[in-house]
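Structure, as structure tokens:
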Amino acid sequence: MFLSLRAEVEGALEGALSTLDFPTDDLGIEEPPEDVASVLASSVAFRLAGEAGTPPPAVADEIAAEIDADELTYVSAVRTQGPYLNFLPSDAYRAETLEAATADSYGALPDREESVVVEHTSANPTGPVHVGRARNPIIGDAVANLLEYAGYDVDRHYYVNDAGRQMAVFTWAYETFDEDDLEEPPERDRIEYDLVRYYRKGNAYLENAPEAEVEAAEAEIDAIMQGLEAGDEETYERVSEVVDQVLGGMTECLERLPAEFDEFVKETRFMRDGSTDDVVSRLKDLDEAVYEDEAWQLDLTDHGIEKNLVFLRSDDTSLYPTRDLAHHEWKFDNYDRAVTVLGEDHKLQASQLRTALELLGNDADQLRQVLYSYVNLPEGKMSTRRGTGVDLDDLLDEAIDRARDEVETRLDDRIRDDELDETDVERIAHQVGIGAVRYDIVAKQPTKAITFEWDRALDFEAQSAPYVQYVHARCCGILEAAGIDPDDDLAGQGLDGDVDVDLLDSAAERDLLETIGRFPAVVDEAADDLEPHQIATYTREFADRFNAFYRECPVLGDDVDPAVRDARLALVAASKHTVANALSILGVAAPRSM
RNA sequence: GGGCACGUAGCUCAGUCCGGAUUAGAGCGUCGGACUUCUAAUCCGACGGUCGUGGGUUCAAAUCCCAUCGUGCCCGCCA
């Protein structure tokens with residue numbers, strides 16, 4: 001409804017301006033501050049004042065007089081306040097908002113018939129997922145959810161780097177060393193914790209072993225690289241044995257978030273199907289191609305990139321960026337748009353990829369790259385190879401443990417008599433613990449650096465998931481008390497918004513309804529910007545509004561008029577859908593009770 | 001050294017892309033209040049800010065431009 005209202009306001013304003021012979025290129029439409037009764041406003045009078053030769057407030061009056069609110073559906077009146085034009089919502093706007101929000105899919109935008117592939121995480125299958133990388137699946141999953149809500153047909157991909165030197169080293173180490181050679185037992189009983197020890201052992205060996213032995217090892221590693229490049233089936237099988245096992249373990253870890261994928265796309269796929277070779281030969285034909293130091297490179301200085309992009313080594317093997325070009329052309333063939341979530345340390349590579357794609361004749365506008373900065377420890381970077389860092393599994397375990405403690409202490413000193421059993425406590429501990437971790441990460445602008453600290457990451461107060469989750473639980477509590485099953489379709493249980501919105505006339509009710517009304521527009525804009533943190537900001541504002549309503553407007557009290565009760569119940573249903581769907585975009589669970 | 005990002009209350013952050021409502025918003029922390037009433041993981045109040053710094057553009061700058069300082073990331077025939 002908000003989107004329709006905005007369209008209507010734009011139309012009316014544009015009409016009035018052209019009647020008055022004012023330019024219509026900038027309508028100055030904005031959202032007014034909280035204490036103003038309108039839903040939309042315009043500051044256009046400021047800019048027109050010079051041209052009109054009258055002060056801004058007079059121009060505003062002139063424009064307002066030109067708009068006939070009776071002809072508008074969603075606007076009841078246009079009022080000026082100094083230089084500002086305020087558009088007040090009509091009952092029709094409020095009624096339609098309420099009705100729309102009683103659908104459990106509220107906030108989901110119409111199908112755009114456009115496909116988009118969201119690639120995220122894509123961590124090298126070298127070992128356990130650590131917290132330094134955890135921002136990627138959390139942001140990536142939220143971006144994918146957001147685009148789905150915004151009406152795109154979304155596929156989620158994990159690009160598996162199974163052809164790089166790292167995997168050749170890993171494969172060699174896995175085949176060379178035995179359990180006896182390894183010093184530490186696995187930190188956790190899962191396959192990637194077991195196998196990463198070979199990877200670490202191999203890297204340590206390459207750093208410390210006598211020169212002759214290192215050379216012999218390097219020869220074996222090179223042989224693996226060459227085998228992959230040649231598409232040799234046996235080599236591929238050997239590497240796959242390591243890759244598939246480690247990736248399997250990492251996938252289990254990511255499922256805890258939960259972050260799930262439609263497809264794991266292996267790098268070797270683009271070597272085996274010949275598309276990397278094809279890319280190489282097309283790159284060689286470019287004007288930017290140079291052959292320097294026995295390697296083929298792209299000189300991108302004319303495109304604002306100082307560093308050459310090497311796409312073929314002197315030993316004729318391809319590099320990660322070369323294969324990634326083939327990978328992206330494959331994405332462009334299969335999807336309308338592509339979004340990649342990657343760490344800011346890949347920024348240079350990202351711009352090289354984009355430029356090279358253009359040079360190869362692709363439309364790089366199809367690709368958008370979301371960059372986030374890494375999560376570091378107070379003492380420095382996390383590294384799988386060196387074994388420094390906090391494992392995501394440990395963070396999630398700790399989060400759940402702390403949440404469980406929290407539930408139990410609250411259980412002791414709470415006044416209401418709940419019937420929370422063991423299963424509920426465990427469910428809440430998971431929802432709150434994991435929700436808090438996700439929310440903490442997804443609510444911040446990705447470009448901001450984060451230093452990981454346990455207490456900060458696991459703070460359940462602050463502006464955190466539980467605060468918003470609690471609102472959802474409160475909605476469910478009211479619905480349940482009214483004899484409605486919150487887990488079932490609410491509209492089907494009589495809450496279809498067919499009530500008298502006039503009865504929702506307190507400031508708290510109007511504010512809440514208007515906030516609910518903005519949700520689809522927030523989804524729309526956040527999706528355009530690929531910024532899920534906008535949804536998190538919205539959930540907080542929504543929760544504030546709901547709590548004000550909760551405080552001031554009893555729904556089920558004995559002295560509440562039945563018609564008011566019905567209207568407020570519909571508002572609660574609308575609130576429930578809004579907060580549940582917003583949380584679902586963020587990938588945070590919406591607890592029925594807590 | 002060069003490129004890019006970030007710098008808003010003691011702390012963690014919205015707002016910056018797209019400049020506007022004479023008092024720049026939250027939360028945490030501190031202090032003081034509210035549970036016989038639909039869940040107090042909530043709410044209300046107080047205290048707290050030269051929006052890194054200096055210039056500029058504009059009727060209007062946290063927001064745009066220039067400079068400068070601080071922090072992070074990148075500058076591999078690694079990924």
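Order of the sequence lines fixes the chain letters, A, B, ..., with proteins taken first and strands second; residue numbering starts at 1 for each chain. Treat the numbers as computed from the prediction; the structure is a model and nothing was measured.
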Worksheet entry | Nearest-Å distance once atom C1' is located in both B:rU36 and B:rA21 | 45 Å

Provide a list of protein-nucleic acid N or O atom pairs under 3.5 angstrom, restricted to nucleotides 62-64 of chain B.
none

Worksheet item: Who passes side chain to side chain contact (heavy atoms under 4.5 Å, CB included) against A:T388, sequence neighbours left out?
Response: A:S383, A:R386

Worksheet item: How would you label the contact of A:V471 with the nucleic acid (heavy atoms, under 4.0 Å): base, sugar-phosphate, or nothing?
Response: nothing

Discussion item. Can you tell me how the ring of A:F270 sits relative to the ring of A:H327, calling it parallel under 30°, perpendicular over 60° and tilted otherwise?
Written reply: tilted

Discussion item. Once side-chain hydrogen bond (donor to acceptor under 3.5 Å, both in side chains) is applied, do any residues pair with A:E541, and if so which ones, sequence neighbours excluded?
Written reply: A:R518

Worksheet item: Looking at residues at least two apart in the chain, or sitting in another chain, which of them share a side chain to side chain contact (heavy atoms under 4.5 Å, CB included) with A:D529?
Response: A:E525, A:E531, A:Q534

Using the 3.5 Å cut-off, write out each protein N or O paired with an N or O of nucleotides 71-73 of chain B and the distance between them.
unit_1, atom_1, unit_2, atom_2, d
B:rC73, O4', A:E344, OE2, 3.3

Worksheet item: In chain order, what residues pass the ring pair (Phe, Tyr, Trp, His ring centres under 6.0 Å) check against A:F170, with sequence neighbours excluded?
Response: A:Y199

Discussion item. Under 4.0 Å, counting only non-hydrogen atoms across every strand here, what does A:S351 touch: a base, just sugar-phosphate, or nothing?
Written reply: nothing

Discussion item. Tell me which residues in residues 543-552 of chain A lie within less than 4.0 Å of RNA chain B, going by non-hydrogen atoms.
Written reply: A:N547, A:Y550, A:R551

Worksheet item: Residues in side chain to side chain contact (heavy atoms under 4.5 Å, CB included) with A:Q349, at least two apart?
Response: A:Y320, A:D324, A:H346

Discussion item. Could you work out, with salt bridge (charged side-chain N to carboxylate O under 4.0 Å, His left out) as the rule, every residue matching A:E453, not counting sequence neighbours?
Written reply: A:R456

Worksheet item: Mapping A:C553 and A:K444 to their closest nucleotides on RNA chain B, which lands nearer the 5' end?
Response: A:K444

Worksheet item: Just the dot-bracket of RNA chain B, please: which string comes out with Watson-Crick or G-U pairs under 3.5 Å, [ ] for crossing, | for another strand?
Response: (((((((..((((......[....)))).(((((.......))))).....(((((..]....))))))))))))....

Worksheet entry | Set of side-chain hydrogen bond (donor to acceptor under 3.5 Å, both in side chains) partners for A:D162, sequence neighbours left out | A:T268

Worksheet item: Looking at residues at least two apart in the chain, or sitting in another chain, which of them share a side chain to side chain contact (heavy atoms under 4.5 Å, CB included) with A:Y291?
Response: A:E294, A:W296

Discussion item. Parallel, tilted or perpendicular: which one describes the rings of A:F546 and A:Y550, with boundaries at 30° and 60°?
Written reply: tilted

